Each structure stands twice: as structure tokens, then as C-alpha cells.
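Given the structure is predicted, the values throughout are model-derived calculations rather than measurements. Keep in mind that the numbers below use all heavy atoms, side chains included, and drop hydrogens, waters and symmetry copies.
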Amino acid sequence: MIEVCLSTGENGLFEEHTKAEAVIEKLKPELKNKVIAVRINGKVFDLSTPITESCTIEPITFEDEEGKSIFWHSSSHIMALAVKRVFKDAKVTIGPPIDKGFYYDFDVERTFTPEDLKKIEEEMKKICEEDLPFERIEVPKEEAIKLFKELKEDYKVEILEEIEDDKVSLYKTGEFIDLCRGPHIPSTGMVRAVKLLSTSGAYWRGDEKNKMLQRIYGISFPNEKDLKDFLEKLEEAKSRDHRKLGKELKLFMIEEDIGAGLVIWLPKGAKIRRIIEDYWLKRHEDAGYQLIYTPHIGKSMLWETSGHLSFYKENMFPPMELENVTYYVKPMNCPFHIYVYKSEKRSYRDLPIKLAELGTVYRYEKSGVLHGLMRVRGFTQDDAHIFVREDQVKEEIANTVAFAIDVLRDFGFDNFNVYISTKPEKAIGSNEMWEIATESLIEAAKLVGLNYKIEEGEGAFYGPKIDITITDALDREWQCSTVQFDFNLPERFDLTYTDRDGKEKRPYMIHRALMGSLERFLGVLIEYYKGNFPLWLSPIQARVMTITDEQRKYAEEVVEKFKEAGIRVDSDLGGEKITYKIRLAETEKIPYMVVIGKKEALEGVINVRKKGKGVIGNMKIEDLIRMIKEEEDKKGRVSN
RNA sequence: GCUGGCGUAGCUCAGCUGGUAGAGCAGCUGACUUGUAAUCAGCAGGUCGGGGGUUCGAAUCCCUCCGCCAGCUCCA
């Protein structure tokens, strides 16, 4: 007999080789049909695993992240079985769980149509009703290769040939056998709700040079309700899509006739941008940056020296030639900033020199990657380059990261992801310098209290970097802030300063952008706030509206007073009913609605309604002005 | 760029298997003068993304280009 404990506290004595599921059924019957797999001594196993020694078993359910992964992984096997039933010649490749659901890649003669998806989904439901067990089979690798060769599953053979172990595990579900590490749910009956979401092409092993396979994405749950909730959330997410809201709120447009990926800022969006720019300017001057302006194009020699023509050419707009000189539209601002540095002889006393610019750059992005404001071909970076001495590296990086975070917090962002990318295989600069720079980035992150992830080897060849991403409505991450160390450009452009000892030394350079690009930043802001911008960013802060024509004159006086107080106000004094005007203002997401009727005009007050909250009541004009000012000062650091 | 889907009025969308376009909102005009999320009536608005083809006839079928959406790849 062996003693088995559950992590939830129960324990009991069992025969050796009792299966994990039997143990759980005995000790904690309420978990039956809920437990997906078990963890024994830190490792995850199938429920059918026999227990061979005394141990503690931790049941894993769908509530656990790991449980979801297993559940969805098993769902992808079910999908593969369904596809094999519907399309006999389909070859299977890989099918992992993902963040929300699963996919499986198939090699098929023709692509899947939406009707095919329906058929496959129906077949999956059948398979779930059949309640087929997932059987684990361990075989020698050679035997597995032989098996998959017979089954003509070339991709599986290819994967097997790269596996080093002599023994591999297979999982059999119905007539479908897949090479798989496991673990899996006990049987297909556990999946009670399944929905196939989309198809797409995907390169075998993610390599553009390989054959394109057909991928099917799906989601599944242990009950119908979870699926319903999931689909509702998807719908909800769509409603906060910045492309939809941008159109509805008239913030920006991207017009086919003008060009893909080229953004037009409409008056209201432009207003927000202007507010952001003014704020940005002030913050940068306060932080010791010097603001500059540089041209949009530069001679090819510039880009040869910078290395862009050898490392970045495929992302640059094609050259233009006039008077025998070739020019390129700038994809980055750095070379220009470097020339500003070079415009004077620099002393060690001058450093750090911080040059900032809202620089508009153009990059060729493949048509398939364009995405609203998030990925465009022309955008304005809130760019800056900091030239420092070696002994200033740490401090300046810490300052810059803290600055970035502080700015993001003003915009209301509080949970972002921070990534620190370290030295890649191909890199320039000494190990020592890489270490100092990387260490500085890590220290800076710690100093500001950030949780960060290290991305090994993901740095640029010229230096390590720290990136801060913000998540959009559909949980896709977008990089906004970046602080990048550069050992390369100072060398290429032969930057120097005269040190205390009279010798010429090479400065280090830090590229940084806080918001990244104003376009992307606006996109992220729209989704984050669902279009309900905090007051300091609202293009219109208050709208004055009248109940009848009689109040027009008084209303105009009220508007004037708001304007004098520096509040962004507009008015709706037309002949429509007040209910209509209110509805309009609500859909336009105007924070404060000022209603003026007979009573208010008579008493010289205003009636105030707050968006989404309803009527606040009557007050003096000055009271609302004060309220607005106070709210404005908090910027995004308050939830509204 | 690749795979699939899609492109009809300013916006949101309808238009069955081919028979030369329709609604709501917005716009304009007029009436209504209204108390916190849609007052009524009338008018106007479209080379059905561009080009080519099949057909007696194309928004509808085919080809091609452009753009959009999802994903892949990329993202110095």
C-alpha cells in the first residue's frame, strides 16, 4: 500500500498502481468530471497514470492556467481527428494550445472554406459525444517513425527524426494517433462546447520559405455558458476597436485614395494630438531636453553612413533623384540628431546632451501588416537621442525609464509589460559595455518598481533595449515606449567630445521614445478608454445646449465664459428637442453637458449633466469651471 | 508579401440561384419650441472599390489591380 495526499488536504492509503483518477474520485469525489490532469512532484501527468509510490497529488482543473492549456491542447487533437474524418488526405502537423484556445496546422490539397469549418465543427461535436478516451502509448522512436511513415504523415516523421530521446509517446483518440508529449484530458466527452473561429495560412515551422499550411483556430470549454461568455467578450472587444471608435468619434481617417497606412488626423483627433504635443513639449523642456526640428528627407550618403541602407533598406521608401543627387525619406530621426550633436565641438561638461523632436518618419510596411493606427507607413515619433559619457550611462537610463513611466501614468496606463532585450549573437561593442548597459536597464526597471521580462538575445545588434508595451482591446500587445542603447552610430558618425584630460572620447548614445508614435499611442488610448477620454484629453470638454430658442442669448454668454476660462466648449442651440441633443452629446462622448432652459436663464445658473452618469444639478458657471479644472489637473491618474 | 474572407449612398447594412439598386441614421428644406439618450414631413444622395472579360443582359459569374478584415511572416 502507498500513501497518497491531495494538495487540498485529503489523504488515504491505496494499492500500488492505482490510477490517479481513482485516487481523486475516492478522496475528493466532487472533482470527478472536473479534474483534467494531475501534478505529481511538480510534473504533470494524465489522470490514467498509475501511482507507484507515496506522493502528493495536485489536481488540475480548467480553472488553472495549466488546465486550460491541457484542455485546449486536447481540443486541438479532437479537431485533428475531425479534419481527418472529413478530409482523408489531410496531413497533420502541429496543434498547440494558445492564450485563448488552440489551433492546428494541416497540409491539405485545397484551403478550408467557412462551410468546411462548419462540417469540422459538427464532426468535433460528434467526437465529443462519442466520449473517446485519450490513450497514452509509449513506443521506441523507430517504431513511431515506421508507423507515421505508413500513415503518410510526413510532418510527424520530420519532427520525430529531430527528437533525441529513444522513446516517444503517442496519444490515440478514436482512430487518430498523434505524436504528443501530453498530458491530455481523460476523454473527449469533457469538451462540452466548441467553436471554430477562423482559418488562415501559416508557414510550416514559421518559415516564409516553407510550404504554407492551413491553420484552423478554435476555442472550447467544459460548458456552454463559458463559450457564450467568451463570444460575448469578443463582441465587447470589437466595440472598443480604435478603428471603429475613430470613425464614430471622427478622430482620424485612413483613406484609400491617399494611401494605405497614411493617417489623416481629423479636427477632433488633431485636437487630442495637439494637447498631447503641448504636454510632451512642456515635460521635455522641464526634463532638460532641447527641442529641434529636422527635415523629412536626406541624402543617400547619410543613410549609407548610418547603416540604414545596409540594414534597413527593405523598410525604406524607394529613393528619389534630382540634380544627380539621391535622397531618401527618413525612416528614423537619428542621423539628423547626430548632425545636431556634430554641429559643435562638444566638451565633457556639455554631456548629457538630450535632443528631442516629434519627428515624422516613413517606413515601408508590407501591406498585410498594416493595422489602423497601430501599424502604419507614416508616423510621428516622440523621439529623442541622449548623448552621454560612460559614467553617465546608468543614471541617464534610470532617468529615462522613470520619465517614460511617469508620462505613461499621466495618461492613465498602469499595467504594462516591460521587456529587456539582451545581447544577440551578432552584436557589436564589447561584452563589458553590453553588461553595463543591460545592467543599467535592469536597475532602472527595478528602481521604478517594474516587473520585467528578460528577452535573451533579442536586443538590436547595436545595443540592448527596454521596451514597454500596452495591450489593445483584443489583447494584442503594442510597443510604445522604448529605450535603446546604441554602441554603433557614435562610431559610424565618429562622434566625439573632449574629455577633462584633453583627449577626444566617444560618447554613448541612447535612443528613446516614450509614446512611441503618436498614431499608435492615440490608437492605444482610444481602446484603453473606449473613446471616453479623460477630461484633459477630451477634444470637447463641455457642450452647452438650449431647451428653446428663447435661451439662445444667455447660452451664448455661457459659452463665452467657458471659453474665457480656457475650457474646450461647443454648443447645440438648434431647434431639436433636448432629449435629442442629449443623446447626440452622449454618443459623441462629451464629458459635461450644460443644459439651459427657462429656469436657468432666469436664475443665471446652469444645469449640469455628466456623461454616463446623468444629471448632477444646477450650479453657477464658475462651479463647473472649477470642477473641470480640478479634474483636468489629475490627468489620467484617476479612473472616471 | 503569403493564406482565407470581404468591398453596395457620408455611416450601418439589405439586395435569393444574373433581369441595369433599397432601408435606417447623417445631410438639406419646412413644420414643431420642446426639461435630460432619437418630433414629424418632404427633398437630395450610388459608374454597387478600379480595370478587363463571359452574357441579349453583371452589384451578382470569371480574370486582374487596389483597399479593408483575421491570421502567418516581419516589426532597427
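A side-chain contact (heavy atoms from CB on, under 4.5 Å) with Ile219(A) holds for exactly one of Leu196(A), Ile98(A), Leu234(A), Leu197(A); it is Leu197(A). For the side-chain contact (heavy atoms from CB on, under 4.5 Å) with Met619(A), the qualifying choice from Ile625(A), Ile606(A), Val594(A), Val605(A) is Ile606(A), the only one to do so.
At the heavy-atom level, Gly368(A) lies under 4.0 Å from base atoms of the strands shown. Contact annotation for Glu576(A): base contact, defined as any heavy-atom pair under 4.0 Å involving a base atom. Note on His511(A): nothing from the nucleic acid sits closer than 4.0 angstrom, heavy atoms only. Lys247(A) comes within 4.0 angstrom of sugar-phosphate atoms only, judged by non-hydrogen atoms across all strands, and of no base. Among the atoms of the strands shown, none is found under 4.0 Å from any heavy atom of Met545(A).
Taking atom C1' on both A59(B) and G15(B), the two are 9 Å apart, rounded to the nearest angstrom. Taking atom P on both G53(B) and A58(B), the two are 12 Å apart, rounded to the nearest angstrom. Separating the P atom of G35(B) from that of U39(B) is a span of 11 Å, rounded to the nearest Å. Taking atom P on both nucleotides, C56(B) is separated from C72(B) by 47 Å, rounded to a whole Å. Spacing of P atoms, U60(B) relative to U55(B), comes out at 16 Å, to the nearest Å. Comparing the P positions of G46(B) and G10(B) gives a spacing of 8 Å, expressed to the nearest Å. Across the C1' atoms, A9(B) and C43(B) are found 15 Å apart, a figure rounded to whole Å. Nucleotides G45(B) and G4(B) are separated by 41 Å at their P atoms, to the nearest Å.
Using a 4.0 Å cut-off, no side-chain N or O of Ser200(A) falls inside it from OP1 or OP2 of U3(B). Phosphate proximity of C11(B) to Lys244(A): absent, as no side-chain N or O sits under 4.0 Å from OP1 or OP2. For the OP1/OP2 pair of C68(B) and a distance below 4.0 Å, the side-chain nitrogens and oxygens of His371(A) include no atom meeting the criterion. Side-chain nitrogen and oxygen atoms of Arg375(A) include none within less than 4.0 Å of the OP1 or OP2 phosphate oxygen of C69(B). For the OP1/OP2 pair of C69(B) and a distance below 4.0 Å, the side-chain nitrogens and oxygens of Arg243(A) include at least one atom meeting the criterion. In terms of phosphate contacts, Arg205(A) brings no side-chain nitrogen or oxygen within less than 4.0 Å of OP1 or OP2 of U73(B).
Distance check: Gln551(A) CD to Met545(A) CE gives 13.5 Å after rounding to the nearest 0.5 Å. Atoms NZ and CH2, from Lys100(A) and Trp72(A) in turn, are 8.5 Å apart once rounded to the nearest 0.5 Å.
The side chain of Glu208(A) lies closest to U73(B) when the candidates are U73(B), A37(B), U3(B). Considering only the side chain of Tyr217(A), C72(B) comes nearest among C72(B), U36(B), U39(B). For Lys577(A), the side-chain atoms get nearest to U34(B) when compared with the rest of C72(B), U36(B), U34(B). Closest to the side chain of Val369(A), from the set C74(B), U36(B), C66(B), is C74(B). Residue Tyr203(A) has its side chain nearest to C72(B) when only A37(B), C72(B), A70(B) are considered. Of the listed nucleotides (G4(B), U34(B), C72(B)), U34(B) has the atom at the smallest distance from the side chain of Ile547(A). Looking at the side chain of Met212(A), the nearest of the listed nucleotides C72(B), U36(B), A37(B) is C72(B). Out of A70(B), U73(B), C68(B), the shortest distance to the side chain of Leu370(A) is found at C68(B). Comparing U73(B), U33(B), A38(B) by their nearest atom to the side chain of Lys366(A) picks out U73(B). Counting only heavy atoms from C-beta on, Arg215(A) has its side chain closest to G71(B) among G67(B), G71(B), U36(B).
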Next on the checklist: As a quick check of understanding, evaluate salt bridge (charged side-chain N to carboxylate O under 4.0 Å, His left out) for Glu122(A) and Lys118(A), giving each step before the final call.
Outcome noted: CA-CA 6 Å; Glu122(A) 283 313 307; Lys118(A) 258 181 226 156; over 6 Å; no
Next on the checklist: Run the salt bridge (charged side-chain N to carboxylate O under 4.0 Å, His left out) test on Glu236(A) and Lys233(A) for me, step by step, so that the C-alpha distance in whole Å, both residues' side-chain angles and the decisive distance to 0.1 Å come before the verdict.
Outcome noted: CA-CA 5 Å; Glu236(A) 203 272 331; Lys233(A) 261 193 201 153; over 6 Å; no
Next on the checklist: Please evaluate residues Arg492(A) and Asp494(A) with respect to the criterion salt bridge (charged side-chain N to carboxylate O under 4.0 Å, His left out), reporting the C-alpha separation (whole Å), side-chain torsions for both, the decisive distance (0.1 Å), and the verdict.
Outcome noted: CA-CA 5 Å; Arg492(A) 284 176 172 268; Asp494(A) 192 25; over 6 Å; no
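For the pair Thr199(A) and Glu550(A), nearest-nucleotide mapping onto RNA chain B gives the more 5' position to Thr199(A). Comparing Gln484(A) and Gly259(A), the nucleotide of RNA chain B nearest to each residue sits closer to the 5' end for Gly259(A).
Paired regions of RNA chain B, where each region holds three or more successive Watson-Crick or G-U pairs whose two hydrogen-bonding distances fall under 3.5 Å, are B:1-7 with B:66-72, B:10-13 with B:22-25, B:27-31 with B:39-43, B:49-53 with B:61-65.
Under 3.5 Å, the side chain of Arg363(A) and the base of C74(B) form no donor-acceptor pair of N or O atoms. A donor-acceptor contact under 3.5 Å links the side chain of Glu600(A) to the base of G35(B). In this model, no side-chain donor or acceptor of Asp207(A) finds a partner on the base of U73(B) within 3.5 Å.
Cation-pi geometry between Lys330(A) and Phe336(A) is satisfied (NZ or CZ under 6.0 Å from the ring centre, within 45° of the ring normal).
Nearest heavy atoms, Tyr328(A) versus Ser300(A): CE1-CB, 3.6 Å.
The distance from atom CZ of Phe252(A) to atom C1' of G10(B) is 16 Å, rounded to the nearest whole Å. Taking atom OH of Tyr103(A) as the reference point, atom P of C72(B) lies 8 Å away to the nearest angstrom. The CG-P distance, from Asp107(A) to G4(B), rounds to 14 Å in whole Å. To the nearest angstrom, P of G4(B) lies 15 Å from CG of Asp105(A). Distance NZ (Lys598(A)) to P (U36(B)): 16 Å, rounded to an integer number of Å.
Between the side chains of Thr422(A) and Glu458(A), no donor-acceptor pair is found at a separation under 3.5 Å.
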Which atoms of nucleotides 24-27 of chain B (N or O only) lie under 3.5 Å from a protein N or O atom, and what are those distances?
| residue | atom | partner | partner atom | Å |
| --- | --- | --- | --- | --- |
| A26(B) | OP1 | Tyr580(A) | OH | 2.6 |

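Ring centroid separation for the pair Tyr104(A) and Phe106(A) comes in under the 6.0 Å cut-off.
A salt bridge does not link Glu586(A) to Lys611(A): none of the charged side-chain nitrogens sits closer than 4.0 Å to a carboxylate oxygen.
At a threshold of 4.5 Å between non-hydrogen side-chain atoms, the residues Pro464(A) and Phe487(A) count as touching.
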